[in-house]
Amino acid sequence: MPQATSLPAWHALQEHHKEISQQHMRDWFEADPQRFDKFSLHFEDILFDYSKNLINETTVSLLLDLARQAGLAEKIGAMYSGQKINTTENRAVLHIALRNRSNRPIYLDGRDVMPDVNRVLEQMRQFSEEVRIGIRRGYTGKRIRDVVNIGIGGSDLGPYTAVTALTPYIKSDFRPHFVSNVDESELLDTLDQCDQETTLFLVASKTFTTQETMINAHSARQWFLAKARDEGAISKHFVAISTNAKLVQEFGIDPDNMFEFWDWVGGRYSLCSAIGLSVALAIGMERFEKILDGAHAVDEHFRTAPFERNIPVLMALLGIWYNNFFGAESHAVLPYDHHLAHLPTYLQQADMESNGKGVDLQGKPVGHQTGPILWGQPGANGQHAFYQLIHQGTKLIPCDFLAGAQSHRHLGAHHPTLMSNFFAQPEALMRGRTLEQARAELKKEGYSGEQLEKLAHAKTFPGNRPTNSFLYRKLTPRTLGSLIALYEHKIFTQGAIWNINSYDQMGVELGKQLANTIQTDMAKDAPTTGHDCSTNGLINYYRQLL
Ligand SMILES: O=P(O)(O)OC[C@H]1O[C@](O)(CO)[C@@H](O)[C@@H]1O
């Protein structure tokens, strides 16, 4: 596959960029009352409004050419048909099979993976129902009240985000917890809230080798045994979610208490696998399956919708437009939905671990920008923190705004107020405030002369800042599944066009290796000398501080 930069559409977009960057969205909206109709799409009850972007019909058409010339259709086909598109690890990428509600066979090396997927879903159903209705209890016969998911990265962020998002659906006498960091404060703060007799630990790790998770799991085991004093009781309080049966058994977890997933599920794409067990326990398996339904519906949309009506494809192309042609460095995700507070963090791993790559599928330097820095936090909080820079700073930051028309909770004017901000911010970012408008407003307020002029410049907003808005009816399990799948396929599409492998994460290895060496150095009595002088200096000063 040729580099994206050598495709004819890339060159055409470079030329087109010169023309577009001279124009203002404000004028386009004034000239064309149909702009919203032209540049918005519905997926079920989710409205995707992309009209406030620096695009016209030619832009969209050129971006679609780029997708076609990059072989996107073939690449989508390759993923859905189980080809080993994770080439460095020789693995298929089949998170779509985890929520393949049609149950059509999906073959990997000639074998249908669906019976395995369905078997584990059934195991999750039985287990979660037995815990929730109290058939499965703790070692003293008490009901399980606290569930602690011990995992990190993809074995934490997906279920943590989903459980937080679906808080209104959580069984009232049930407390989910997530422990990820090796910092003992996190584990101990959590254990302080729990009782050994009523706590269930889910040790979630694809590899079952991740240092942070294994240390936390061993410490949790010790904490448990300090009270239970019976290794036989472990089976009632520890289950594993992993691809590595051997290591699970070595840890002392009965294989019957293991929930399997497979090497064709990337950690950051694993929410719909058994990694979602904490979600099923918290909200019930039926509702967990609604997440799968929502994700599957988007999987089908992505697989079958023509590119010009394909939401993840358009999301990806807009991202490429800013990332590769406008030089935007980052992308903000701004949910106006308290329950989506962890979505930006979740997407940070999904996007940055997937597309933070510098070599292409042939192992050559890519020669263009790849994944953006993804960041964000819920609105309206962000408005009172960093939006200043988005509105008037010198950087172009494309933003996604997300909100539910209905809240799960009701209190006076809270929700309409939140929504008015959700509508106002993209409008302000698009429209801006001209110097003339600023002058006129200041004049009305009684300013004049030099003072008016100085203030008028500070009060001018350039506008023309791109946003997407996602408006859905209510944050239900199905909607959450759909939103997550939209972003997953956006990431896939960008990786496909950039011709990179979005499914390995070699960049996280070096630091892990060095940490192991340093831990050995730290255990020695002698001062550390084997690193650069900065690292030696830090380690040795740390010793002095102990
Ligand atoms: O599930 P595991 O194997 O413990 O890995 C946890 C996380 O660590 C990473 O491998 C990065 O170090 C992620 O890709 C992954 O989600």
Side-chain angles (χ1 to χ4, degrees), residues 85-95 98 120 148-163 178-183 186-187 201-221 238-251 253 258-279 342-357 370-371 374 484 487-488 491-492 495 500-519:
I85 61 169
N86 175 356
T87 47
T88 51
E89 296 179 313
N90 196 31
R91 290 177 182 166
V93 175
L94 280 177
H95 42 276
L98 302 169
V120 176
V148 183
N149 187 85
I150 298 180
I152 197 164
S155 298
D156 166 70
L157 292 166
Y160 185 33
T161 301
V163 164
F178 291 85
V179 172
S180 54
N181 205 338
V182 71
D183 185 332
E186 191 180 356
L187 179 66
F201 292 96
L202 313 180
V203 184
S205 174
K206 181 175 169 180
T207 54
F208 232 69
T209 57
T210 303
Q211 190 189 42
E212 296 87 341
T213 302
M214 289 304 113
I215 292 180
N216 278 327
H218 280 283
S219 297
R221 193 173 183 271
F238 283 80
V239 303
I241 306 163
S242 187
T243 59
N244 196 332
K246 187 169 165 282
L247 293 184
V248 166
Q249 211 161 348
E250 277 172 29
F251 179 86
I253 294 180
M258 174 173 157
F259 294 81
E260 190 190 6
F261 64 115
W262 307 273
D263 73 0
W264 42 264
V265 182
R268 50 194 177 273
Y269 297 93
S270 63
L271 169 64
C272 296
S273 73
I275 287 290
L277 185 61
S278 52
V279 187
H342 300 303
L343 182 71
T345 319
Y346 170 75
L347 292 177
Q348 245 166 12
Q349 187 201 15
D351 202 319
M352 293 166 81
E353 207 173 62
S354 296
N355 285 341
K357 305 289 162 62
T370 57
L374 194 142
I484 285 178
Y487 278 99
E488 285 177 344
I491 294 163
F492 171 91
I500 56 177
N501 181 358
S502 301
Y503 299 101
D504 64 7
Q505 55 283 321
M506 306 292 181
V508 299
E509 294 305 325
L510 180 60
K512 285 188 196 174
Q513 284 165 12
L514 286 173
N516 287 334
T517 318
I518 289 173
Q519 207 168 356

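Only heavy atoms go into these numbers, but all of them, side chains included; no hydrogens, no water, no symmetry mates. Order of listing sets the numbers, starting from 1, for every ligand and every atom in it.
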Report summary line: The atoms of ligand 1 lying under 4.0 Å from a heavy atom of Val508, numbered in the order shown, are 11 (C), 12 (O)
Query raised in the report: Would the number of heavy atoms belonging to other residues, nucleotides or ligands and lying under 6.0 Å from OH of Tyr160 be above 12?
Result: no
Report summary line: On a heavy-atom basis, the closest approach of Ile275 and Ser155 is CD1-OG, 3.7 Å
Requested in this report: May I ask you to identify the nearest protein heavy atom to atom 2 (P) of ligand 1, giving residue, atom name and distance to one decimal place in Å?
Outcome: Thr210 OG1, 3.3 Å
Requested in this report: Measure the distances from the heavy atoms of Gln349 to every atom of ligand 1 and state whether one is below 4.0 angstrom.
Outcome: yes
Query - Taking atom 7 (C) of ligand 1 as the reference point, the nearest protein heavy atom with its distance - result: Ile152 O, 3.7 Å
**Report entry** Sub-4.0 Å atoms of ligand 1 with respect to non-hydrogen atoms of Ser155
**Finding:** 1 (O), 2 (P)
Requested in this report: Ignoring hydrogens, just give me the one of Gln211, Glu353, Gln505, Lys512 whose non-hydrogen atom is nearest atom 13 (C) of ligand 1.
Outcome: Glu353
Query raised in the report: Identify the closest protein heavy atom to atom 16 (O) of ligand 1: which residue and atom is it, and at what distance?
Result: Gly154 N, 2.8 Å
Report task. Please tell me if the side chains of Asn244 and Thr207 come closer than 4.5 Å, counting only heavy atoms from C-beta onward. Result -> no
Requested in this report: Answer yes or no: are there more than 12 heavy-atom neighbours, outside Gln519 itself, under 6.0 Å from its atom CD?
Outcome: no
Query raised in the report: Parallel, tilted or perpendicular: which fits the ring planes of Tyr503 and His95, with parallel below 30° and perpendicular above 60°?
Result: tilted
Query raised in the report: Counting only heavy atoms, which portion of Thr207 has something under 4.0 Å from ligand 1: side chain, backbone, both, or neither?
Result: both
Query raised in the report: Are side-chain heavy atoms of Trp264 and Asn86 found at a separation under 4.5 Å?
Result: no
